[in-house]
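Below: one structure, written as structure tokens.
In this chain, residues are counted from 1 in sequence order. Counting convention: from 1, in listed order, for ligands and their atoms alike.
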Amino acid sequence: MTEELVVTAADGVMEIRFNRPEKKNALTRAMYEGLVAAFDSAENDPAVRVILLTGTGDTFSSGNDIKDFQQRASSRNASAASPFLTALSTLKKPLIAAVNGAAIGVGTTMLAHCDLIVAARSARFVMPFTRLGLVPEAGSSLLFPQLLGHQRASAMLLLGDALDADAALAAGFVYQVVDDAELMTAARTLAGRLAALPPQAIRQTKHLMRRGKPDLATRINEELELFRERVHSPEAAEAFAAFMEKRPADFSRFS
Ligand code: COA
């Protein structure tokens, strides 16, 4: 497994840590593949009762690696995010996120599939898809209006506005906000509490709670289809180039 993902397990809890702090934990193909393998091993290992996701450094994840997007646009490689989103959205064991800073793009959309979220005070949640010439993924076009209401979801998904930790707590998007230094203690306490409960009752309760979204898998696939087209679009090419060249994007020539 790539060193950009650190996976450890103890006392019934598998911890998965995004570990690419020099790139703000932007997710590469190898990291997506590592996540799928870690989820698979957690689901099949009776010793693992809870999965906990977090990141190294000051960012939870800056989302998909934009350089990978550029390479995909030129090589037409298949998305590595797709198997990850399937594994994430069908996990049977409970998933906790400890959000240690900014969560951007898929860094935020993956959180809609977490059962409990603890945020550091420095956390903020941003989905800048439109500004990158893209559309939302991970079922976020369905889940965020349900989770946050249509107006706030529009502000996040259409405008790319950020939600800070306190606003996320007020909106019910996260369960707890704690000081940055307390993040892992708080998240591990929740994980330990879940791990001590009867595992079958926990899995069945999660299943019942998630079953109310019968069209989720269809929406994830519809989004991915559009997303695949958008990655190859001239609008996205301009946005990716602007990011890599550290300049503002100029969308004025597009109609
Ligand atoms: N893909 C690829 N590289 C990324 C990245 C991403 N999603 N996010 C950050 N990086 C890289 C930067 O290019 C920079 O690389 P360099 O040191 O080689 O120049 C490094 O990580 C540090 O990022 P920087 O922007 O200098 O740090 P910052 O603290 O000023 O800002 C962020 C941090 C996360 C707010 C900012 O990097 C950002 O907005 N990233 C893009 C997020 C995004 O749009 N994600 C895609 C969602 S679909």
Answer yes if a protein heavy atom lies under 4.0 Å from [atom], otherwise answer no.
atom: atom 36 (C) of ligand 1; value: no
atom: atom 19 (O) of ligand 1; value: yes
atom: atom 24 (P) of ligand 1; value: no

*I66-ligand 1 polar pair, N/O distance under 3.5 Å*: yes

_Polar atom proximity, R124 to ligand 1 (N or O, under 3.5 Å)_ = no

Against heavy atoms of [X], which atoms of ligand 1 measure under 4.0 Å?
X: L132; answer: 44 (O), 46 (C), 47 (C), 48 (S)
X: G105; answer: 47 (C)
X: E22; answer: 20 (C), 21 (O), 22 (C)
X: P128; answer: 44 (O)

Spell out, as yes or no, whether a donor-acceptor pair under 3.5 Å connects the side chain of [X] to the backbone of [Y].
X: E223; Y: A138; value: yes
X: R20; Y: N25; value: no
X: T54; Y: A98; value: yes

*Report yes if some heavy atom in the side chain of E137 is under 4.5 Å from a heavy atom in the side chain of I220; otherwise report no.*
no

*Run the side-chain contact (heavy atoms from CB on, under 4.5 Å) check on E238 and D250 step by step: do they pass?*
CA-CA 7 Å; E238 163 60 12; D250 175 7; 3.9 Å; yes

Kindly check if the number of other-residue, nucleotide or ligand heavy atoms within 6.0 Å of [atom1] ([X]) is above 12?
X: K206; atom1: NZ; answer: yes
X: R211; atom1: CZ; answer: no
X: E22; atom1: CD; answer: yes
X: D179; atom1: CG; answer: yes

*asked:* Please list the nearest protein heavy atom to atom 38 (C) of ligand 1 with its residue and the distance rounded to 0.1 Å.
replied: F243 CE1, 4.1 Å

*Considering heavy atoms of the protein only, find what lies nearest to atom 28 (P) of ligand 1 and give residue, atom and distance to 0.1 Å.*
K24 CE, 4.1 Å

Heavy-atom nearest neighbour of [atom] within options [options]:
atom: atom 5 (C) of ligand 1; options: S62, G57, P21; result: S62
atom: atom 9 (C) of ligand 1; options: K23, M244, K67; result: K23
atom: atom 34 (C) of ligand 1; options: I104, T109, D58, T108; result: I104

Contact with ligand 1 for [X], non-hydrogen, under 4.0 angstrom:
X: D65; result: yes
X: A102; result: no
X: M127; result: no

*asked:* Can you pull out every ring-ring contact (aromatic ring centres under 6.0 Å, His included) where at least one residue sits in residues 51-73? Sequence neighbours excluded, please.
replied: F18-F60, F69-F227, F69-F240

*Using a distance-only test with no angle check, is there a side-chain donor-acceptor pair under 3.5 angstrom linking R219 and S141?*
yes

*Taking atom types as modelled and ignoring hydrogens, do the side chains of T28 and D68 form a donor-acceptor contact shorter than 3.5 angstrom?*
no

Can you tell me which portion of [X] lies within the under-4.0 Å heavy-atom range of ligand 1? Options are side chain, backbone, both, or neither.
X: N64; result: backbone
X: K246; result: side chain
X: A26; result: side chain

